[in-house]
Protein chains: 2
Amino acid sequence: MKKPVTIHDIAKLANASSATVSRVLSNSNYPVSAAMREKITRIAKEANYIPNMLGKQLKTNTSMTIGVIIPSISNPFYSSVILGVEEIAREHNYHVIVCNSLQNPDFELGYLQTMAEKQVKGIILSSIAQNTSLLKGLLQNGMHAIAIDQRIDEEEISQIEFNYAKGGYMATKHLIEHGHTRIGYATSELDRHSRTEIHQGYLKAMSEAGLKPVVEISGAGKVFSSSNEFDSGKQLADKMLERHKDLTAIFACNDVMAFGVIHTLTSRGLRVPDDLSVIGFDGIEYGQMIHPPLTTIKQPDYEMGILACKLLLDKLQDKDSSHLSVMLQPRLVERASVTTRQAGD
Amino acid sequence: MKKPVTIHDIAKLANASSATVSRVLSNSNYPVSAAMREKITRIAKEANYIPNMLGKQLKTNTSMTIGVIIPSISNPFYSSVILGVEEIAREHNYHVIVCNSLQNPDFELGYLQTMAEKQVKGIILSSIAQNTSLLKGLLQNGMHAIAIDQRIDEEEISQIEFNYAKGGYMATKHLIEHGHTRIGYATSELDRHSRTEIHQGYLKAMSEAGLKPVVEISGAGKVFSSSNEFDSGKQLADKMLERHKDLTAIFACNDVMAFGVIHTLTSRGLRVPDDLSVIGFDGIEYGQMIHPPLTTIKQPDYEMGILACKLLLDKLQDKDSSHLSVMLQPRLVERASVTTRQAGD
DNA sequence: AAAAACTCAGAAACCGATTACTAAAAGAGG
DNA sequence: CCTCTTTTAGTAATCGGTTTCTGAGTTTTT
């Protein structure tokens with residue numbers, strides 16, 4: 001294993017000083033003769049010179065890196081967000097570091113600390129940690145952060161929220177407008193802001209229509225994998241059908257749980273949507289692939305990533321430290337899992 | 001925005017030298033009196049000291065970071081791989097940087113370069129770039145790499161391969177053993193090693209059984225998103241049904257395409273598996289969520305991540321530079337999309 | 001009581017880059 | 001021919017840590 005070639009090695013080979021080499025190789029507009037430029041460029045290429053970013057970043061105090069902290073990369077919603085973030089970052093020559101908190105507050109805090117240590121100046125995070133003291137400290141030391149998806153109750157932070165309450169309301173309203181009156185809501189634990197908001201939206205729509213809400217909450221574990229969510233969708237549907245035999249529609253708090261609900265209904269010989277309508281929430285791509293294709297509320301995930309990254313880069317570059325709060329709106333995606341119920345049924 | 005507090009600031013506050021502070025804060029076993037230890041630790045905490053990793057890493061020439069380069073994070077197969085990698089990395093206090101090449105060789109090479117510049121010493125990559133000269137150069141300069149999923153034809157690199165050929169053979173054989181004789185194979189372009197291998201496995205099983213292969217290749221674009229794969233599955237199924245009306249089973253080269261195939265069959269009023277059997281490839285979680293649950297060939301994705309990371313860390317720590325090649329075996333996951341065909345039909 | 005060994009702390013070099021400052025050489029103007 | 005710019009290159013300080021080396025003070029050995 002050879003010693004890595006440094007800027008000084010290149011300088012020696014080119015009979016120049018490291019200062020000149022630095023100016024050439026980092027495209028500074030400092031005056032360097034054309035001959036020197038060519039020579040250094042050529043020699044650096046021949047020697048397979050790879051600049052050491054640690055040295056550069058230490059001196060210039062810029063890492064050109066933004067961090068993203070999300071619950072899980074294997075959730076299609078978040079992977080879409082990341083795609084959006086990366087696209088914008090790439091356009092601006094920024095690098096992106098993605099960390100999965102796996103719903104574990106300690107991991108989240110650990111990643112936050114690590115990023116600060118790595119001199120990351122901007123972070124996009126979907127936080128589940130209750131303890132914001134570390135984050136607050138970082139913000140005071142010049143870090144910038146954008147909260148996405150999950151609200152963080154701090155003044156100093158820009159938020160890109162999604163109107164979960166309205167989404168929950170829209171989904172429920174959609175079912176009501178299709179003649180449904182006995183509508184169950186299947187949700188995972190109401191321990192996160194997003195969950196409680198959707199729930200509120202459901203309750204509001206039901207109460208406005210004078211209907212009695214039927215809510216079933218999954219007591220499942222914290223680890224959230226697709227399989228677990230699918231299973232809890234199946235179980236919640238089972239419970240609902242047993243306790244409320246007269247339901248004509250079920251609203252699930254996310255698409256994968258809706259898949260589970262449909263699975264249970266289908267295995268029980270019930271037809272979707274003819275016997276029961278089902279509506280989901282999230283708008284992941286797989287929703288179009290199941291049978292019947294899932295009607296759902298779409299969150300603008302990719303757009304959220306784009307927007308978050310743009311906002312963050314603005315902050316980093318313009319030193320504009322105003323904190324704003326954007327609210328993205330839900331969109332109904334009508335596919336085939338919801339149908340009109342006749343009045344008498 | 002305050003100036004960040006450095007190790008020298010802490011030294012001043014504690015009436016000590018930066019050397020001593022460094023020794024305390026980095027848990028060196030260099031002798032430092034208990035009183036000094038306590039004092040420095042306390043002051044550092046009070047001052048919210050955050051060490052600058054750039055300085056540390058520059059001096060020690062270690063980044064404690066491994067890189068992962070994959071085609072796309074939104075492919076569930078790769079996101080499982082990453083989960084495995086991260087788990088092992090976390091146990092060893094390593095950080096993981098994930099990069100999506102998005103099937104673009106230029107992006108892949110760019111990320112490789114960036115990682116080298118950031119002094120990442122170990123990389124796990126699923127490469128699609130033909131040009132291995134950059135990689136070879138990095139390997140000679142002390143970088144370590146593990147190729148997963150896609151073979152790289154270099155001596156100096158350890159490989160964790162998956163036996164695609166056997167998987168293709170097993171899938172086909174499974175259909176044959178269930179009495180099918182007219183079996184179509186739906187695949188995306190045969191431009192990657194994995195694709196050609198599965199294809200070969202299919203051909204081998206067919207020829208051994210004396211059956212005539214029926215292959216339909218998607219000419220779709222390079223951009224591979226789930227939606228695109230789903231659509232091309234739908235289209236391939238359409239073509240197949242028109243050109244070969246007597247098919248009784250279809251084998252798709254990945255699960256999402258199989259979803260597309262099933263969608264087409266279902267919309268045409270054909271029942272799966274009663275009229276046609278379908279088998280997929282990959283074993284993503286969503287396969288259990290569709291109707292009927294998809295029979296498929298499972299790749300050990302998570303295990304691949306675990307293994308790749310363990311192997312890489314061994315290399316990085318033991319300086320053991322032997323290059324080995326591991327071949328992971330496919331596993332048949334029987335669900336409900338394949339059924340036995342009666343002889344006469 | 002002197003010598004040897006040990007404990008603990010600090011001074012300063014160093015990692016690989018950037019950059020403020022200095023200086024030599026070349027060209028312009030009188 | 002001599003001064004005044006202008007152009008181009010180099011010297012050395014610096015970023016925030018780590019670590020080698022040196023040395024002061026204390027304890028143990030003889």
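Per chain, numbering begins at 1; letters A, B, ... match sequence-line order.
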So which protein N/O to nucleotides 19-24 of chain C N/O distances come out below 3.5 Å?
from    : atom 1 : to       : atom 2 : distance (Å)
dC21(C) : N4     : Tyr30(A) : OH     : 3.3

*Side-chain N or O of Tyr49(A) closer than 4.0 Å to phosphate OP1/OP2 of dG16(C)*: no
_Counting the atoms with a prime plus P, OP1 and OP2 as sugar-phosphate, which does Met53(A) contact under 4.0 Å by heavy atoms, base, sugar-phosphate, or nothing?_
nothing
*Passes side-chain hydrogen bond (donor to acceptor under 3.5 Å, both in side chains), Gln57(A) versus Ser63(A)? Steps please.*
CA-CA 6 Å; Gln57(A) 294 176 356; Ser63(A) 64; 5.5 Å; no
_Just to be sure I understand the rule, does Ser26(B) reach a base, reach only the sugar-phosphate, or reach nothing, if contact means heavy atoms closer than 4.0 Å?_
sugar-phosphate
*In whole angstrom, what separates Asn29(B)'s CG from dC8(C)'s C1'?*
14 Å
*First and last nucleotide of DNA chain D in contact with chain A, 5' to 3', at under 4.0 Å to a heavy atom: what are they?*
dT8(D) to dG16(D)
*Does the side chain of Glu86(A) come under 3.5 Å of the side chain of Asn100(B) through a donor N or O and an acceptor N or O?*
yes
_With each end axis built from five pairs of C1' atoms, what bend angle do you get for the helix from dA1(C)-dT30(D) to dG30(C)-dC1(D)? Round to 10°._
50°
*Taking atom types as modelled and ignoring hydrogens, do the side chains of Gln150(A) and Ser127(A) form a donor-acceptor contact shorter than 3.5 angstrom?*
no
*How is Asn15(A) classified with respect to the nucleic acid when contacts are heavy atoms under 4.0 Å: base, sugar-phosphate, or nothing?*
sugar-phosphate
*Any side-chain N or O of Ser17(B) under 4.0 Å from OP1/OP2 of dG10(C)?*
yes
_Looking at Glu156(B) and Lys136(B), is there a salt bridge between them, counting it only when a charged N and a carboxylate O are closer than 4.0 Å?_
no
*Ser158(A) and Lys315(A): side-chain donor and acceptor closer than 3.5 Å?*
yes
